[in-house]
Peer 1: 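Before I ask anything, let me first share the structure, which is written out below as structure tokens.
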Amino acid sequence: MKYKIIRTDTADEQLRNLIFYIANDSGDVDLALNYLSKLESGIKRLEDFPNSESRPKYITLRRQGYRVLIVEKHLVFYKVNELEKMVIIYAVVDSRREYRNLL
């Protein structure tokens with residue numbers, strides 16, 4: 001059974017800001033859309049394999065049940081709700097930033 005993917009408003013905003021930033025910084029909308037496609041493909045895989053990704057390096061986030069999908073330089077933080085067969089995306093952050101307090 002496939003899991004339903006849900007994004008929080010925060011994750012949606014972070015993703016939107018990231019794609020706008022890439023488009024503005026590079027001047028190439030296609031580059032931004034290709035990166036969005038990579039992120040979306042990774043997230044879509046979670047429908048079938050929600051527990052396949054790694055756990056965050058910070059123990060506080062692991063204890064809270066987060067998992068992390070790595071897509072190039074970005075981290076997608078999510079939790080799996082087994083009872084309702086849902087994957088909830090909480091954040092999309094740059095791996096080069098301190099992210100422990102962003103969640």
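All values below come from the heavy atoms of this structure, side chains included, with hydrogens, waters and symmetry mates left out.
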Peer 1: Report the distance from atom CG of Leu33 to atom CD1 of Ile22, rounding to the nearest 0.5 Å.
Peer 2: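 Result: 10.0 Å between the selected atoms.
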Peer 1: Is there a chain of hydrophobic side chains (I, L, V, M, F, W, Y, each step under 4.5 Å between heavy atoms) that links Ile5 to Tyr90?
Peer 2: no
Peer 1: Between atom CG of Asp12 and atom CG of Asn17, what is the distance when rounded to the nearest 0.5 Å?
Peer 2: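 Reported value, rounded in 0.5 Å steps: 10.5 Å.
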Peer 1: Using modelled atom types and a 3.5 Å cut-off, is there a donor and acceptor pairing between side-chain atoms of Asn24 and backbone atoms of Phe20?
Peer 2: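 It does hold such a pair.
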Peer 1: Is Tyr35 reaching over with its side chain to a backbone N or O of Leu18, donor-acceptor style, under 3.5 angstrom?
Peer 2: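 Checked: no pair found.
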Peer 1: Checking Tyr3 against Glu84 for the side chain to side chain donor-acceptor pair (under 3.5 Å) test, could you report, in this order, the C-alpha distance in whole Å, the side-chain angles of both residues, the deciding distance, and whether it holds?
Peer 2: CA-CA 8 Å; Tyr3 285 65; Glu84 297 183 32; over 6 Å; no
Peer 1: Do the non-hydrogen side-chain atoms of His74 and Asp94 ever get within less than 4.5 Å of each other?
Peer 2: yes
Peer 1: Taking all heavy atoms of Arg67 and all of Asn51, pick out the closest pair and write down the distance.
Peer 2: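 Minimum heavy-atom contact is NH2-O, 2.7 Å.
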Peer 1: Do other residues, nucleotides or ligands put more than 12 heavy atoms under 6.0 Å from Arg62 CZ?
Peer 2: yes
Peer 1: Kindly give the heavy-atom pair with the smallest separation between Pro50 and Val80, and that separation in Å.
Peer 2: O-CG2, 3.6 Å
Peer 1: Are there more than 12 heavy atoms of other residues, nucleotides or ligands under 6.0 Å from atom NZ of Lys79?
Peer 2: yes
Peer 1: Would you check if the side chain of Ser41 reaches a backbone N or O of Ser37 as a donor-acceptor pair within less than 3.5 Å?
Peer 2: yes
Peer 1: CG of Leu39 to CD1 of Ile19: how many Å apart, nearest 0.5 Å?
Peer 2: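 CD1 of Ile19 is found 6.0 Å from CG of Leu39.
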Peer 1: Tell me whether the count of non-hydrogen atoms from other residues, nucleotides or ligands lying under 6.0 Å of CG in Asp9 goes above 12.
Peer 2: no
Peer 1: Looking only at heavy atoms, what is the nearest atom pair of Asp28 and Asp30, with distance?
Peer 2: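 Between these two residues, the closest heavy atoms are OD1-N, 3.0 Å.
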Peer 1: For Glu53 and Val68, work out which heavy atoms get closest and say how close.
Peer 2: CB-O, 3.2 Å
Peer 1: Going through the checks in order, is the side-chain contact (heavy atoms from CB on, under 4.5 Å) test met by Ile70 and Leu75?
Peer 2: CA-CA 5 Å; Ile70 302 168; Leu75 306 175; 3.7 Å; yes
Peer 1: Can Val92 and Arg7 be said to form a side-chain contact (heavy atoms from CB on, under 4.5 Å), step by step?
Peer 2: CA-CA 10 Å; Val92 179; Arg7 286 196 296 243; 5.9 Å; no
Peer 1: Can you spot which of Leu15, Thr10, Leu46 makes a side chain to side chain contact (heavy atoms under 4.5 Å, CB included) with Ile89?
Peer 2: Leu46
Peer 1: Can we say Lys44 and Glu47 salt-bridge, meaning some charged N sits less than 4.0 Å from an Asp/Glu carboxylate O?
Peer 2: yes
Peer 1: Looking at every heavy atom in both Ile43 and Leu69, which two are closest together, and how far apart are they?
Peer 2: N-CD2, 3.6 Å
Peer 1: Of all heavy-atom pairs between Val93 and Phe77, which one has the smallest distance, and what is that distance?
Peer 2: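 The answer is CG2-CE1, 3.6 Å.
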